[in-house]
Protein chains: 2
Amino acid sequence: MLSTHCTPAQTAVLQTLQRQHRPLSAQSLYTLMCQHQRIGLATVYRSLDALKRLGRVQHRATLEGEMLYSAVEADHHYMTCLHCGQSFPLDRCPLKAIEAQLQGSSSFTIYYHTLEFFGLCEPCAIQMDGISQSLSL
Amino acid sequence: MLSTHCTPAQTAVLQTLQRQHRPLSAQSLYTLMCQHQRIGLATVYRSLDALKRLGRVQHRATLEGEMLYSAVEADHHYMTCLHCGQSFPLDRCPLKAIEAQLQGSSSFTIYYHTLEFFGLCEPCAIQMDGISQSLSL
DNA sequence: TTCGAGAATGATAATCATTCTCATTTTATG
DNA sequence: CATAAAATGAGAATGATTATCATTCTCGAA
Ligand SMILES: [Mn+2]
Ligand SMILES: [Mn+2]
Ligand SMILES: [Zn+2]
Ligand SMILES: [Zn+2]
């Protein structure tokens, strides 16, 4: 437990995550990995937790409260629509400079960050506009 | 449902949230509100959901996967330690400029954002340092 | 090489935040 | 007042996550 190297399961989970282009839930990760190797659901959760505390894996929560995991190398962020739930990726991470600055001015060691914008996508904004107009006729 | 004004329950939930200095979970909010008024747990969840979609309430997830809610006026962010779980508040929101810029360059309407840094607080960093040293003796 | 302690694992049960159901109450409106 | 729609609360159902526990693996000491 105090060892500094990864267990076989942790390595497998990390490698699987690194192959993905999108964040995955623990459940999907489990389903995916089961197709290629023998692994238990609990081990997937345990590995994700360990990797998270090692700073190798980052997480974000969906609107439904499910956790999505991704390798820290994939520093991606999204704008998520509160109406339809769709997530739209940002071009690039806008926090590089800010994180560096924070590192300098505080004794906290930053491994990674989560950043997400919430609001309305264009179609949903138009749709809701139409609804409120039809109400005020 | 399509009405643009808040229901009594939504108003009560929002006012209670606005009085808090820290984000609250739906459960704590329910416990707190029960002391002063009659309200159901489901209504608390429904109100939070509605307020979220109205852009009046924002949310973030704890490491344990519980959602915390706060009024959008309270634009606060934290650095959370992956070892002890403690959250340390940031002095100010470093995203004002970035959010304005994003609003301009995209058709997405932003209501609010979540931002959180994860890593090790100083005590935990020292503690883990001590452990890894004692291991390599 | 063999042994034993501790770590890792997988199957399964338990937990618990959140959502769903539905009967009842409140609100809006003529 | 009468009626329909919306809101509400109590409790059941859901489902992601965590806890248990018996088994298997790791690895240093003898
Ligand atoms: Mn980033
Ligand atoms: Mn902010
Ligand atoms: Zn949308
Ligand atoms: Zn800490």
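Sequence lines set the chain letters: A, B, ... in the order given, protein chains first and strands last, and positions in each chain run from 1.
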Legend entry - Proximal nucleotide (of dT20(D), dG9(D), dT8(D)) relative to the Ile39(B) side chain: dG9(D)
Inset, instruction - Take the protein atom CZ of Arg46(A) and the nucleotide atom P of dT18(D), then report the distance between them rounded to whole Å. - result: 11 Å
Inset, instruction - Round to the nearest Å and state the distance from Asp49(A) atom CG to dT17(D) atom P. - result: 12 Å
Inset, instruction - Nearest whole angstrom, please: distance from the C1' of dT17(D) to the NZ of Lys52(A). - result: 11 Å
Inset, instruction - Specify the separation, in whole Å, of atom OH of Tyr30(B) and atom C1' of dT8(D). - result: 12 Å
Legend entry - His113(A) versus His77(B), side-chain donor and acceptor atoms under 3.5 Å: no
Inset, instruction - Examine dT18(C): is either OP1 or OP2 under 4.0 Å from a nitrogen or oxygen in the side chain of Tyr45(B)? Give yes or no. - result: yes
Legend entry - Side chain proximity check, Gln103(B) to Phe117(A), heavy atoms < 4.5 angstrom: no
Legend entry - Test salt bridge (charged side-chain N to carboxylate O under 4.0 Å, His left out) applied to Lys96(A) and Asp75(A), step by step: CA-CA 10 Å; Lys96(A) 299 286 186 209; Asp75(A) 182 20; 3.1 Å; yes
Inset, instruction - Check every atom of dT9(C), dG9(D), dA19(D) against the side chain of Ala42(A) and return the nucleotide holding the closest atom. - result: dA19(D)
Legend entry - Contact nearer the 5' end of DNA chain D, comparing Gly65(A) with Pro8(B): Pro8(B)
Legend entry - Candidate nucleotides dG10(C), dG11(D), dA16(D), ranked by approach to the side chain of Glu66(A) - the nearest: dA16(D)
Legend entry - Atom-to-atom span, CZ of Arg60(A) to P of dA16(D) - whole angstrom: 16 Å
Inset, instruction - Quick one: closest heavy-atom pair of Ser106(B) and Met79(A), and the distance? - result: OG-CE, 3.7 Å
Legend entry - Options dG9(D), dA16(D), dT18(C), nucleotide nearest the side-chain atoms of Gln27(A): dA16(D)
Inset, instruction - Return the 5'-most residue of the pair Leu63(B), Gln10(B) with respect to DNA chain D, ranking by each residue's nearest nucleotide. - result: Gln10(B)
Legend entry - Integer-rounded Å distance: dA17(C) P and Leu24(B) CG: 14 Å
Legend entry - Closest to the Leu41(A) side chain, choosing from dT17(D), dA10(D), dT8(D): dT17(D)
Inset, instruction - Starting at atom CD of Glu64(B), determine the distance to atom P of dT18(C), rounded to an integer number of angstrom. - result: 12 Å
Legend entry - OP1 or OP2 of dA7(D) under 4.0 Å from side-chain N/O of Thr7(B): no
Inset, instruction - Report the distance from atom CG of Leu48(A) to atom P of dT17(D), rounded to the nearest whole Å. - result: 9 Å
Legend entry - Nucleotide nearest Arg38(B) when distance is taken to its side chain, options dA10(D), dT17(D), dA7(D): dA10(D)
Inset, instruction - Mind running side-chain contact (heavy atoms from CB on, under 4.5 Å) on Leu63(A) and His59(B) for me, showing each step along the way? - result: CA-CA 9 Å; Leu63(A) 284 181; His59(B) 71 280; 3.8 Å; yes
